[in-house]
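All chains are named by letter (A, B, ...) in the order of the sequence lines, taking the proteins before the strands, and each is independently numbered beginning at 1. Bear in mind that the values here come from a model prediction, so they are computed numbers and not experimental data.
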There are 2 protein chains.
Amino acid sequence: MEEKVMYIGTVCELTGLSERQIRYYEERKLIFPNRTKGGVRKYSFEDVANLREINRSLKDGFRTFELRSMLDKRSHGGRKL
Amino acid sequence: MEEKVMYIGTVCELTGLSERQIRYYEERKLIFPNRTKGGVRKYSFEDVANLREINRSLKDGFRTFELRSMLDKRSHGGRKL
DNA sequence: CGTGTAAGGAATTCTGACACG
DNA sequence: CGTGTAAGGAATTCTGACACG
């Protein structure tokens, strides 16, 4: 539960990812940024870490739906490994 | 040396201060945000803590120039108390 | 001195779509 | 499927100034 304080441009700098990639991962339910009243996305440092993990997994051959199902298992089973 | 990741609007939310106050404290050399290429200010969580401290001190009757001289002493003497 | 506000411009982000493969 | 891009609009921030006291 970290604080959602960064805009997408900052997240791009920290992760090296494009805005397109970050928004797409959200569309696939892999990350959940907050929104300002105006609709602007806000991310936490935890989101940044997750984004790196997601991108790395995709490079390793995983698909977004696979990553999503892995997230579901984590939140259910309680085991992380 | 924390990372400068927040825009001023976020800092306002976290501190309860107005943009005006935050920019004014910068003008008085009490905080030092970074800038994006476009000129937008970026703050760290440390800046947020400092801003709260600054505002509290002002309410206690201090002037900005007094707070600045206190900052100078800290960075020189090495003592924090 | 420290802060509020209206003013106009500039930087940043948003959505939906077309493209490639 | 995952990502790039051009398009137009909307949200956010910036500076300099006038105001109060």
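- Ion pairing of B:Glu26 with B:Arg35 is present here, as a side-chain N (NZ or NE/NH1/NH2) and a carboxylate O approach within less than 4.0 Å.
- One finds a side-chain N or O of B:Arg41 lying less than 4.0 angstrom from the OP1 or OP2 phosphate oxygen of D:dC14.
- As a whole-Å value, the separation of B:Tyr43 OH from D:dT13 C1' is 10 Å.
- Ion pairing between a basic and an acidic side chain is recognised when a charged N comes within 4.0 Å of a carboxylate O; A:Arg23 and A:Glu27 show no such pairing.
- Each of A:Asn55 and A:Thr36 lies near DNA chain D, and the nucleotide nearest A:Asn55 is the one positioned closer to the 5' end.
- D:dT15 and C:dA7 make up a base pair, with Watson-Crick or G-U wobble contacts both under 3.5 Å.
- A 4.5 Å side-chain heavy-atom check between A:Val5 and A:Tyr43 finds every atom pair outside the cut-off.
- Rounded to an integer number of Å, the gap from CG of B:Asn34 to P of D:dC14 is 13 Å.
- C:dC14 atom C1' lies 9 Å from atom CD1 of A:Ile8, rounded to whole Å.
- When distances run from any side-chain atom of A:Val40 to the nucleotides D:dG2, C:dC14, C:dT12, the shortest one goes to C:dC14.
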Practice item. Evaluate the side chain to side chain donor-acceptor pair (under 3.5 Å) criterion for residues A:Lys42 and B:Thr10: first the C-alpha distance (whole Å), next the side-chain angles of each, then the deciding distance (0.1 Å), finally the verdict. Key: CA-CA 9 Å; A:Lys42 301 183 78 174; B:Thr10 305; 3.1 Å; yes

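- If you measure from atom CZ of A:Phe65 to atom C1' of D:dG2, you get 13 Å, rounded to the nearest angstrom.
- The nearest whole Å value for the distance from the NZ atom in B:Lys37 to the C1' atom in D:dC14 is 18 Å.
- The partner of C:dG2, taking Watson-Crick or G-U wobble pairs whose two distances both stay under 3.5 Å, is D:dC20.
- A heavy atom closer than 4.0 Å to some atom of DNA chain D occurs in A:Ser18, A:Arg20, A:Gln21, A:Tyr24, A:Tyr25, A:Arg28, these being the qualifying members of residues 18-28 of chain A.
- Using a 4.0 Å cut-off between charged nitrogen and carboxylate oxygen, B:Arg63 and B:Glu66 do not count as a salt-bridge pair.
- Within the structure, a side-chain polar atom (N or O) of A:Arg35 is placed less than 4.0 Å from OP1 or OP2 of C:dT15.
- With B:Arg52 contributing its side chain and B:Leu14 its backbone, the two residues share a donor-acceptor pair below 3.5 Å.
- Side chains of B:Asp47 and B:Ser44: a donor-acceptor N/O pair is present below 3.5 angstrom, by distance only.
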